[in-house]
Amino acid sequence: MSVASRRLTSGETTAVLTAAAQASLRAPSVFNTQPWTWHTAGDTLELCVDRSRHLGTVDADGRLLLISCGIALHHARTALAAAGFAVTVERFPGPDQPDLLARIHLGAEIPADPQAQRMAAAIHRRRTDRRAFGDRVVSEQMLTRLRRFVEFEGAYLHVVPADQIPMLAVTTERAARAEHEDPAYQAELDRWTSRPIWRSDGVPPASMVQPDARRVPVRDFTPDGATAGLTAGPGDDKGAAYVIVFGTDDQPLDLLRGGEAVSALLLLATAEGLATAPLSEAVEVTWPRHLLRGMLSDLGVPFLAVRLGYPVSSPLLPAVPRRDAADVITIASP
Ligand SMILES: Cc1cc2nc3c(=O)[nH]c(=O)nc-3n(C[C@H](O)[C@H](O)[C@H](O)COP(=O)(O)O)c2cc1C
């Protein structure tokens with residue numbers, strides 16, 4: 001019997017969808033809030049936003065919330081393509097259910113997509129690497145491939161040219177300063193950087209980097225600088241590329257698809273041996289976001305900046321904890 005004609009039992013269908021949801025638990029999210037839940041029923045897998053995990057100060061408009069959920073959606077899609085399944089995806093399928101972000105319908109078994117398999121393998125290796133990258137330059141060919149993957153997901157990629165990098169640095173630095181002067185920001189940062197271990201979320205000190213002069217500043221998660229577990233290391237980000245994922249609008253659907261594009265960028269980059277680090281301060285504060293928009297020649301709305309490069313010392317960073325599958329994924333009884 002060919003793979004295309006075999007019908008899965010309901011138990012197998014649930015197992016396939018649950019495995020995809022489990023793979024998506026490794027998705028990166030703002031402050032590692034992991035603001036989503038999954039629900040499987042029959043041959044569908046539904047993604048909902050978990051608004052109890054929304055960062056009300058850092059992300060007042062919920063942009064990074066939806067981008068984070070879009071990343072989880074793309075991780076699940078990638079896992080299904082890698083496992084050899086066709087899917088159809090409805091985004092915002094219920095007009096009266098704004099928290100229901102996507103419904104994935106499992107389709108026929110098809111030959112596994114080798115590119116998706118490489119990217120699915122990268123799900124488990126990808127880390128946000130806040131250390132400085134080295135001199136090795138990210139090639140034009142690589143950036144072109146990354147752009148194609150981002151565009152395939154319905155967003156755009158701006159590769160920040162050398163003469164715009166000081167502008168990105170100043171914009172990020174100003175946004176960070178404005179946030180650090182805001183007591184509500186400090187309280188939210190504290191809440192998500194001093195999580196009890198059993199919560200398995202938030203940003204642990206082991207993944208933070210000590211403040212240092214950087215080409216573009218990296219978020220200072222520890223304002224007192226005392227507990228960051230990493231130093232920037234020997235690199236100086238000389239070969240790093242800075243990119244901005246953007247879209248033509250910032251309606252919820254644009255942001256969700258923007259997240260899918262960010263995931264494609266991060267997973268392809270990881271599969272190709274690059275290290276990656278999102279930088280969102282400049283999009284969190286309104287006027288720096290407008291400055292970033294100017295860097296895009298007003299062609300679109302910036303979703304997220306990302307630093308890409310080759311690490312100088314490459315021991316794999318430890319994985320940052322994730323919530324238990326049992327707390328995130330519910331399975332309807334048949
Ligand atoms: C939308 C979004 C925004 C983020 N913003 C930042 C940021 O500004 N600075 C930073 O160091 N990390 C940022 N991150 C990385 C997260 O903190 C990181 O994904 C999370 O802590 C989990 O760690 P991991 O990516 O190593 O699995 C961001 C991630 C996402 C998805």
Side-chain angles (χ1 to χ4, degrees), residues 23-36 49 53-55 58-59 61-75 122-133 155 168 171-173 175-176 179-180 185 188-189 192-193 195 199-212 214 216-222 228-230 232 237 242-247 250 255-256 258-267 269-270 275-285 288-289 292 302-308 311 316-323:
S24 87
L25 300 183
R26 292 280 352 136
S29 56
V30 60
F31 282 23
N32 198 24
T33 46
Q34 307 166 57
W36 55 76
V49 58
R53 299 177 159 270
H54 173 212
L55 301 175
V58 167
D59 181 33
D61 301 335
R63 292 158 181 274
L64 301 177
L65 178 78
L66 289 181
I67 289 171
S68 298
C69 291
I71 299 175
L73 174 59
H74 181 268
H75 273 49
I123 288 176
H124 303 280
R125 290 202 316 275
R126 186 210 54 79
R127 308 275 189 268
T128 295
D129 190 341
R130 301 183 175 91
R131 298 170 300 179
F133 302 150
L168 178 65
T171 308
T172 303
E173 197 266 324
E179 291 191 316
H180 277 274
Y185 171 84
E188 200 157 67
L189 186 72
W192 288 93
T193 53
R195 307 290 279 176
R199 283 191 171 271
S200 302
D201 58 12
V203 183
S207 73
M208 301 172 188
V209 74
Q210 289 166 16
D212 209 341
R214 299 288 289 269
V216 174
V218 170
R219 191 191 294 268
D220 182 3
F221 281 97
T222 58
L230 300 169
D237 283 323
Y242 294 86
V243 297
I244 300 173
V245 178
F246 69 101
D250 54 2
L255 295 164
L256 187 71
E260 292 175 82
V262 169
S263 172
L265 172 79
L266 298 178
L267 294 183
T270 306
T276 62
L279 301 162
S280 57
E281 284 147 311
V283 296
E284 290 160 15
V285 185
R289 190 166 65 241
L292 277 197
F303 294 155
L304 190 68
V306 180
R307 180 172 56 98
L308 307 163
L316 191 59
L317 294 172
V320 169
R322 291 299 193 269
R323 300 167 68 202

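For this chain, numbers begin at 1 and follow the sequence in order. Ligands are counted one by one from 1 in listed order, and the atoms in each one are counted from 1 as well.
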Considering the options T128, V320, D129, which one meets the side chain to side chain contact (heavy atoms under 4.5 Å, CB included) requirement together with S207? V320
May I ask you to identify the nearest protein heavy atom to atom 13 (C) of ligand 1, giving residue, atom name and distance to one decimal place in Å? P278 O, 3.6 Å
Below 4.0 angstrom from a heavy atom of I71, which ligand 1 atoms are there? Numbered from 1 as shown, please. 31 (C)
V30, T128, V203: member with heavy atom nearest to atom 26 (O) of ligand 1: T128
Please say whether R126 places an N or O atom under 3.5 Å from an N or O atom belonging to ligand 1. yes
Could you tell me whether R63 and D61 have a side-chain N and a carboxylate O separated by less than 4.0 Å? yes
Selection from R63, R130, R219 by shortest heavy-atom distance to atom 12 (N) of ligand 1: R130
What is the minimum heavy-atom distance between L279 and V218, and which atoms define it? CD2-CA, 4.4 Å
Under a 4.0 Å heavy-atom limit, does L317 contact ligand 1 with its side chain, its backbone, both, or neither? neither
So which protein heavy atom does atom 16 (C) of ligand 1 come closest to, and at what separation? S29 O, 3.3 Å
Identify, by atom number and element, the atoms of ligand 1 in contact range of F221, meaning under 4.0 Å from any of its heavy atoms. 10 (C), 11 (O)
Please classify the R322 to ligand 1 contact at 4.0 Å (heavy-atom distances, strictly less than): side chain, backbone, both or neither. side chain
Drop me the distance from I244's CD1 to L292's CG, to the nearest 0.5 angstrom. 5.0 Å
Per the salt bridge (Lys or Arg N to Asp or Glu O under 4.0 Å) rule, which among R322, R53, R323 passes with D201? R53
For the student: nearest non-hydrogen atoms of E284 and E179, plus distance: OE1-OE2, 2.7 Å
Would you say S263's side chain and G259's backbone share a donor-acceptor pair under 3.5 angstrom? no
Ligand 1 atoms nearer than 4.0 angstrom to some heavy atom of R127 are 26 (O)
Mind running side chain to side chain contact (heavy atoms under 4.5 Å, CB included) on F221 and W192 for me, showing each step along the way? CA-CA 9 Å; F221 281 97; W192 288 93; over 6 Å; no
Between L304 and ligand 1, which residue portion shows a heavy-atom distance shorter than 4.0 Å: side chain, backbone, both, or neither? side chain
Of all protein heavy atoms, the one nearest atom 21 (O) of ligand 1 is N32 CB, 3.5 Å
Per atom 19 (O) of ligand 1, closest listed option by heavy atom (P204, S207, P28): P28
Between S29 and P35, which heavy-atom pair has the shortest distance, and what is it? CB-CD, 3.9 Å
Quick one: look up the protein heavy atom nearest atom 4 (C) of ligand 1 and list residue, atom name and how far away it is. S280 OG, 3.5 Å
